[in-house]
Each structure stands twice: as C-alpha cells, then as structure tokens.
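Here's the structure we're looking at; comments come further down.
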Amino acid sequence: MVKKYILKRTSEVTQQKPVVDESRFQINYQHELNPSQYEAASAVDGAYLVIAGAGSGKTRTLVYRVARLTELGYDPASILLLTFTRKAAKQMMDRAIILLDNRCSKINGGTFHSFANITLRKYAKAVNLDNGFTILDQSDSEDVINLIRGQLNLAQHKKRFPNKVTIFKVLSFSVNTERKVEEIIEEEYPHFSDYIDKILDIQKIYNSYKQKNNLLDYDDLLVYLRNFLFEFSPAAKSFLSTIKFTMVDEYQDTNKLQADVIKGLTQLNNNIMVVGDDSQSIYSFRGANFKNIMDFPKLFPDVKLITLEENYRSTQEILDFSNHIIEHAIEKYPKHLFTRKTGGELPGIISATNENMQSRFIVERILELREEGVPLNDIAVLFRASFHSFNLEIELNKANIPYQKFGGMKFIETAHVKDMLAFLRIAANPADYVSWFRILLLHEGIGPKKAQLIMDEIAANHISIKHNPDISLSKKYNDRIFNLFNFLYEIHTKNQLPADKVELAYKYYEPLFMEKYDDWNKRKKDLDIFMNISENYRSMDSFLSDMALEPPQDSVIDVVAEDKEREYLTLSTIHSAKGLEWHTVFILHAIEGFFPSSQSFDKLESLEEERRLMYVASTRAKQNLYVCYPMHIFDRHQGITFSKPSRFIDGVSEEIADQWLLEE
C-alpha cells in the first residue's frame with residue numbers, strides 16, 4: 001500500500017514555541033508570582049507593554065524576568081534595564097543577584113543619561129566626539145547662557161529680557177519634547193515673544209560654544225545617543241548586536257527624546273518590554289509625554305499588553321476610592337486594582353471651616369495615631385503645591401511634632417559644593433570656561449570684566465595650567481592669580497586618586513570659602529560629605545560624571561541640626577511622593593483652584609494630569625486615607641470666600657468614603 005504525504009505551504013506551518021522545562025530552574029517562578037506577574041516575567045521574544053497598577057509589584061516582576069532570562073541561558077550582559085534613577089537600577093540588580101546569583105551583576109543597568117554617557121565615551125569617534133568630554137549640569141548650562149546673555153548686551157532693552165533659568169528651561173524643553181522654541185515661547189511665555197529671535201541667537205551660540213569646548217549638557221547626551229543609534233553606522237550595528245533584551249521602567253515618565261532612544265535601541269530586534277502606569281503619568285512639566293505609553297502599541301508590531309492589577313500595599317477601601325477617581329479619566333488603559341488584604345476602613349473626606357481648622361485636625365489625628373502605635377515615619381501629609389502646607393507647619397511646630405519637608409535645595413546645587421566641583425572640572429578639562437568664570441569670581445579684586453580678560457588669555461593659549469606658572473605666567477599677574485594657577489597646575493598634572501585631588505582643592509578653597517559665607521561652619525558639613533564621597537572613586541572622570549548625572553540629594557543645611565529625633569512626619573508635594581508609601585496619608589486642600597490647580601483649567605490634558613495626581617496621592621496610603629478641604633479660604637484681595645470641593649471628590653458616594661464635618 002502506497003502511503004500519501006501531503007505537503008503544506010511554508011506559510012501554513014505554524015511555529016511552535018519551544019516548551020521550557022521549568023523544573024530545571026533554581027526558582028519556581030509560577031509559585032512565586034501571581035498569574036499576571038508570571039506572564040510578564042516569563043515573556044521572552046517580542047514587544048510587551050506591562051501596565052502595572054500602583055503597588056502591584058512591578059519591580060518584583062522585572063527582577064524575576066531578569067533572573068528567568070538568565071536561567072534560560074541568555075547572557076546577562078545582553079539585557080539592558082533603563083530606569084529613571086540609579087538607585088532603582090541598583091536596587092533591581094541587587095535583588096536579582098540575591099534571587100538568583102552573581103551572574104545578574106553583569107546586567108546593563110542604569111539611567112538614560114548614565115547609559116548614554118558610557119555608550120558615547122566608548123563610541124566617541126563614531127559620533128565625532130572627544131571621549132574626554134565634560135558634562136554640564138543644569139546650573140553650569142545656565143551659567144554658560146548667562147555669559148552669552150551678557151556678551152549680547154541685552155540689558156539695553158526697555159522690556160525685561162528673560163533670565164538664564166528661563167532661557168535654559170525653554171531650550172531644554174524644546175530638545176526633550178522635540179518642539180520648536182518659538183512654539184514653547186508663544187504658549188508658555190507669550191510676554192517674551194518679542195525676543196524670540198534673540199533667544200534663537202543664544203541657542204545657536206550656546207550649541208557652538210559646547211561643541212568648541214568639548215562640553216555636553218544632559219540633553220546632548222540623549223541627542224547624541226539617539227543620532228548614533230539612528231545613523232545605523234557599522235559601530236552602531238556592532239553596539240546594538242550586544243543588546244538582546246531592552247527593558248524600561250516607569251515608561252509613563254519618558255519624554256519624546258527618550259522614546260526615540262528606546263525605538264533606536266530595538267532596531268536589530270523587537271525584544272522590548274516597557275513597564276509603567278498611565279494613571280501615574282504626572283511629570284508633563286518636565287517634558288514627560290503621556291502619549292508615549294498610550295501610543296506604544298503603534299510603535300512595534302504585535303505588542304502584547306499585560307496588566308498587573310493585584311495590589312500588595314493598600315486596603316480594598318482605599319483601592320475602591322482610587323479606582324473611582326481614575327474611572328472617570330478620559331484616556332486610559334482599563335484596570336481595576338484589587339487586594340487580598342482585609343480589615344480596612346473607608347477613606348475620610350474631611351470638611352473643615354477654614355484652613356487653620358484643617359491643620360488642627362491633622363495635628364490632633366497625628367497625635368492620636370502616635371498613641372495608637374503608628375510611628376511618625378509612617379505618616380505623610382501630601383499637597384499639590386509646596387505653599388499649601390505653610391499653615392500646617394505652624395501648627396506642627398506648636399505641637400512639637402518633628403517633620404521633614406521634601407523640596408528645598410539639593411546638595412549639588414549648593415554654591416559651596418559647586419565651587420569645589422569647579423576646581424576639579426578645570427583640572428580635568430582646562431577649556432571648561434564656565435568653571436573658570438566661577439572660580440575667578442571667588443577671588444577678591446576679580447570682577448566679571450577682569451575674569452573675561454583672563455579667560456580670553458587662556459583661550460588664546462597665552463596662559464595655561466598645563467605648564468608650570470613659574471615659566472608661563474608673566475609679571476602682570478599678581479600673587480593671587482599665580483597661586484591659583486600653581487594649585488591648578490599641581491592637580492592637573494599630578495596622577496592622583498580623586499580623594500587626594502579633592503583634599504588639595506579643599507585646602508586651597510578653605511580661606512576663600514570662610515571669607516565668602518557667613519554660615520561656613522554649617523556649610524562645611526556638606527564639603528565633608530563631598531570629600532567622603534570622593535573616597536569611593538578611582539577615576540576623576542567617573543567621579544565628575546556621577547556628580548553631574550546622579551548627585552547626592554540632600555544638603556546638610558536643609559536638615560535641622562537641633563532635631564536629634566530620628567522619627568519625623570513627612571510633608572511632601574505629590575510629585576516628590578511618587579513611588580513611596582505610608583500607613584496613613586493626609587491629602588491637603590482638595591478644593592477647586594488648589595487641587596486641581598487653577599492653572600490646569602484651560603486645557604483638558606492638564607486637568608486629566610491633575611486627576612492622575614489625586615490617584616497617585618491616594619494610592620500612597622496603606623491603611624488610612626484622609627482627604628481634607630477648608631470650606632472657606634482667605635484671599636488677600638477678596639477677603640474670606642466660599643470654596644468648592646475638588647471635582648475629584650465631589651459627589652463621592654458614602655459606600656466609597658465617609659464624609660466628616662469638623663466641629664470645635
């Protein structure tokens with residue numbers, strides 16, 4: 001008997017996915033994760049969008065995916081994990097090492113900017129850069145713009161010309177959002193529209209100044225990286241062939257430029273997984289684009305959507321309230337947060353007669369919670385804008401409740417730390433004129449004009465820190481300038497560890513520092529911290545890069561020295577509280593015009609972002625949530641006026657929240 005065999009067309013043969021024998025793995029992934037988390041963690045090839053609701057264990061999911069890919073035999077060095085803070089990247093890698101083993105330490109992990117910095121230094125030739133480039137941080141960039149602004153003699157205009165901070169903000173926003181400078185000024189700063197041409201001139205000079213002096217600002221790091229990827233040169237192809245899997249955390253916070261970089265990274269393969277929550281997209285003022293996460297499925301073929309909805313943080317009562325807020329969002333990925341936690345109470349919507357009564361209620365309730373055994377560290381008061389908490393701060397001081405308010409000057413932005421960095425930057429890059437200008441002005445008898453003359457001499461190579469000042473400095477320079485060049489020559493030419501150079505810089509700077517600042521004894525603590533940090537580095541390049549890209553956050557000056565108590569209440573804007581959690585959360589000033597802010601009334605997108613802010617605030621609470629508002633507010637021009645509850649809490653049913661009316 002003749003057997004028949006029927007040939008099929010190739011297109012009709014379905015590709016079978018290889019079956020993975022999970023029993024050989026060290027980790028029982030199915031047992032350790034819930035079904036949605038497991039689906040995301042076991043994903044291999046292809047494009048994935050993971051919508052991770054608040055408190056749904058997204059970090060855990062990413063860590064398990066990294067471990068599983070490693071167990072499948074993929075080279076950990078071929079996995080790229082991009083995050084918004086180095087702390088988040090380090091935390092994930094540390095957790096993956098603990099979960100599996102040391103293989104996970106080889107993962108490529110970091111922030112967009114630190115990843116760009118490493119890549120550009122490695123492939124500098126391919127992008128026409130000198131790999132010894134210096135990174136300008138924000139205030140350095142502002143100082144360059146101020147120099148240019150001064151040279152263009154713009155003070156002669158009758159109308160006020162924008163300051164360096166505003167100009168930098170406009171130029172940076174333009175790069176990150178890929179919108180024209182003219183468009184941003186017309187929309188955000190219409191009162192400066194007469195100066196569009198002048199601002200565009202500053203932009204041109206600023207860009208050529210950076211190019212000429214081997215300087216890159218934060219935005220340049222991403223622009224150069226994007227261009228390198230899309231030019232698709234042999235060097236770029238070689239680089240891209242080393243990346244097998246790209247993973248991005250907090251994708252809802254990406255801007256247009258970052259989304260382009262991500263697209264560029266996946267040109268050789270579409271193995272991309274982005275994780276984020278559209279309902280927590282709250283940073284449009286920084287250029288973050290809500291549309292990135294909404295339009296992600298259009299960017300890649302066959303995007304698989306996975307939603308994480310089981311919450312491990314809050315009670316169901318708090319989740320019902322949060323679900324109610326976001327249900328009314330116009331554009332969103334549908335999700336419904338749920339938990340297995342039991343024993344919660346309904347959130348309270350608290351109506352107070354006035355702002356002071358609102359503050360007194362919060363103080364009393366905090367004292368009660370303290371008696372019930374809830375530590376101050378596990379309580380937070382959140383607000384839409386920093387000034388909303390001023391009245392509360394007075395009442396907290398009266399009740400002797402220690403608190404820390406998040407905001408204020410960051411460590412790296414303090415003038416004395418900037419001064420120290422300027423010396424070290426010149427030693428690393430003698431053409432860093434921003435730093436030259438800064439340190440020359442520290443010296444008595446040198447004003448902006450004289451500083452400019454000295455900088456012109458340096459630019460013309462008439463004087464230099466590369467040569468011994470005994471030979472290179474002429475008699476026309478006084479002892480002060482001679483000593484400065486002598487010290488810079490020493491730290492430029494000596495092959496020392498960063499800590500040794502920092503020590504030398506501090507010895508030179510100390511008398512100038514004590515002369516310049518009345519409170520130098522307080523500020524000195526910051527310089528001690530700076531010197532301690534330098535001990536961790538072997539290379540000056542990596543030290544300076546880290547200071548620019550991932551600076552330490554807190555200045556000692558901002559911490560009240562008298563307060564020896566370790567326990568403190570947290571006061572924070574909602575923007576600063578994202579990603580954190582507390583046992584009890586109070587939300588302040590939930591009234592129209594305050595929250596949502598009156599500035600958001602003109603645009604639907606802005607109002608929708610305010611809704612997401614309320615969602616972020618309410619999902620920070622684990623056990624208790626109190627949303628407070630004063631029924632009367634004082635206005636300097638109108639006196640006491642009636643307020644209207646925020647649209648986000650107005651008409652909430654009694655099944656979702658208890659209504660509390662405060663009485664004396």
Side-chain angles (χ1 to χ4, degrees), residues 15-20 22 25 27 29-30 32-76 78-84 88-89 92-93 95-96 99 104 107-109 112 115 240 243-254 258-281 289-310 332-335 337:
Q15 284 280 312
Q16 288 290 312
K17 275 192 175 180
V19 178
V20 176
E22 299 228 0
F25 291 157
I27 299 159
Y29 294 91
Q30 268 181 297
E32 298 275 327
L33 302 167
N34 71 38
S36 301
Q37 289 174 334
Y38 175 71
E39 187 184 0
S42 60
V44 182
D45 294 322
Y48 296 87
L49 170 60
V50 180
I51 297 295
S56 63
K58 72 174 173 65
T59 304
R60 181 180 177 82
T61 307
L62 284 170
V63 167
Y64 273 80
R65 183 179 190 231
V66 164
R68 195 173 184 279
L69 287 172
T70 306
E71 288 215 70
L72 282 169
Y74 293 105
D75 180 0
S78 71
I79 301 169
L80 171 64
L81 176 58
L82 291 175
T83 61
F84 275 84
M92 285 191 208
M93 285 160 77
R95 280 174 66 173
L99 182 66
C104 295
I107 299 156
N108 263 313
F112 281 88
F115 170 68
L240 288 170
I243 299 169
K244 174 77 175 161
F245 299 100
T246 303
M247 294 158 78
V248 186
D249 190 21
E250 303 286 12
Y251 187 72
Q252 77 282 344
D253 295 336
T254 53
Q258 286 161 333
D260 287 350
V261 166
I262 293 160
K263 183 71 179 150
L265 285 166
T266 54
Q267 290 173 101
L268 284 188
N269 64 57
N270 275 339
N271 293 338
I272 170 80
M273 177 179 280
V274 301
V275 181
D277 184 2
D278 53 303
S279 303
Q280 295 186 68
S281 177
N289 189 346
F290 174 68
K291 289 287 179 194
N292 282 357
I293 196 162
M294 299 313 295
D295 293 346
F296 184 81
K298 298 174 192 169
L299 283 180
F300 296 92
D302 306 319
V303 170
K304 179 95 170 65
L305 177 69
I306 300 169
T307 309
L308 307 183
E309 295 173 296
E310 183 170 354
K332 62 183 182 294
Y333 288 102
K335 63 178 171 299
L337 296 181

Please determine whether side-chain contact (heavy atoms from CB on, under 4.5 Å) holds for the pair Val63 and Met92, giving the CA-CA distance in whole Å, both sets of side-chain angles, and the decisive distance to 0.1 Å.
CA-CA 6 Å; Val63 167; Met92 285 191 208; 4.1 Å; yes

Next on the checklist: Whether the side chain of Asn271 engages the backbone of Lys244 through a donor-acceptor N/O pair (distance < 3.5 Å, no angle test) should be reported.
Outcome noted: yes

- prompt: Does any non-hydrogen side-chain atom of Leu265 lie less than 4.5 Å from one of Phe115?
  reply: yes

- Side-chain contact test, heavy atoms from C-beta onward, threshold under 4.5 Å: evaluate it for Leu72 versus Phe25 and give yes or no. yes

Looking at side-chain heavy atoms only, is the closest gap between Leu49 and Ile293 below 4.5 Å? yes

Between Pro76 and the options Asn108, Leu69, Thr70, the side chain to side chain contact (heavy atoms under 4.5 Å, CB included) test singles out Thr70

Between Arg95 and Arg60, is any pair of side-chain heavy atoms under 4.5 Å apart?
yes

Interatomic distance, CG@Asp295 vs CG@Asn289, rounded to 0.5 Å, equals 8.0 Å

Of all heavy-atom pairs linking Ala67 and Leu99, the shortest is CB-CD2, 3.9 Å

Check: So, the side chain of Tyr48 versus the backbone of Asp45: is there a donor-acceptor pair under 3.5 Å, distance only?
Finding: yes

- Hey, are the side chains of Val66 and Met247 touching, using non-hydrogen atoms and a 4.5 Å cut-off? yes

On a heavy-atom basis, the closest approach of Val248 and Ile272 is CG2-CD1, 4.2 Å

Residue set satisfying side-chain contact (heavy atoms from CB on, under 4.5 Å) with Gln267, at least two apart, ordered chain then number -> Leu229, Phe230, Phe232, Leu240

Heavy-atom closest pair (Ile51 atom, Tyr333 atom, distance to 0.1 Å) is CD1-CD1, 3.5 Å

Margin query: For the residue pair Lys335 / Ser279, report whether a side-chain donor-acceptor contact shorter than 3.5 Å exists.
Written below: yes

With sequence neighbours left out, the residues meeting ring-ring contact (aromatic ring centres under 6.0 Å, His included) with Phe296 are Tyr251, Phe300

pair Val275-Thr61: side-chain heavy atoms closer than 4.5 Å
no

Worksheet item: Taking it one step at a time, do Glu32 and Tyr64 satisfy side-chain hydrogen bond (donor to acceptor under 3.5 Å, both in side chains)?
Response: CA-CA 9 Å; Glu32 298 275 327; Tyr64 273 80; 2.9 Å; yes

Heavy atoms of Ala52 and Lys58 approach each other most closely as CB-CB, 3.6 Å

**Message:** If we ignore hydrogens and angles and just use 3.5 Å, is the side chain of Asn270 paired with the main-chain N or O of Ala47 as donor and acceptor?
**Reply:** no

Asn34 (side chain) donor-acceptor with Gln37 (main chain) under 3.5 angstrom = yes

Item to complete: Mind telling me whether Phe84 and Phe112 have parallel, tilted or perpendicular rings, with 30° and 60° as the class edges?
Response: tilted

Ser56 and Gly53 have their tightest heavy-atom pair at OG-O, 2.6 Å

Sorted by chain and number, sequence neighbours left out, ring-ring contact (aromatic ring centres under 6.0 Å, His included) with Tyr38 holds for none

Arg68 backbone acceptor or donor facing Tyr29 side chain under 3.5 Å: yes

Heavy-atom check, side chain of Leu305 versus side chain of Pro297, under 4.5 Å:
no

Rounded to the nearest 0.5 Å, the CG atom of Leu308 sits from the CG atom of Leu337 at a distance of 10.0 Å

What one should report as the nearest heavy-atom pair of Ser281 and Asp253 is CA-OD1, 4.4 Å

In the structure I gave you, are the side-chain heavy atoms of Met273 and Val50 within less than 4.5 Å of one another anywhere?
yes

Check your understanding: Between the main-chain N or O of Ala259 and the side-chain N or O of Asn292, is there a donor-acceptor pair closer than 3.5 Å?
Key -> no

Interatomic distance, CG@Leu80 vs CD1@Ile107, rounded to 0.5 Å, equals 10.5 Å

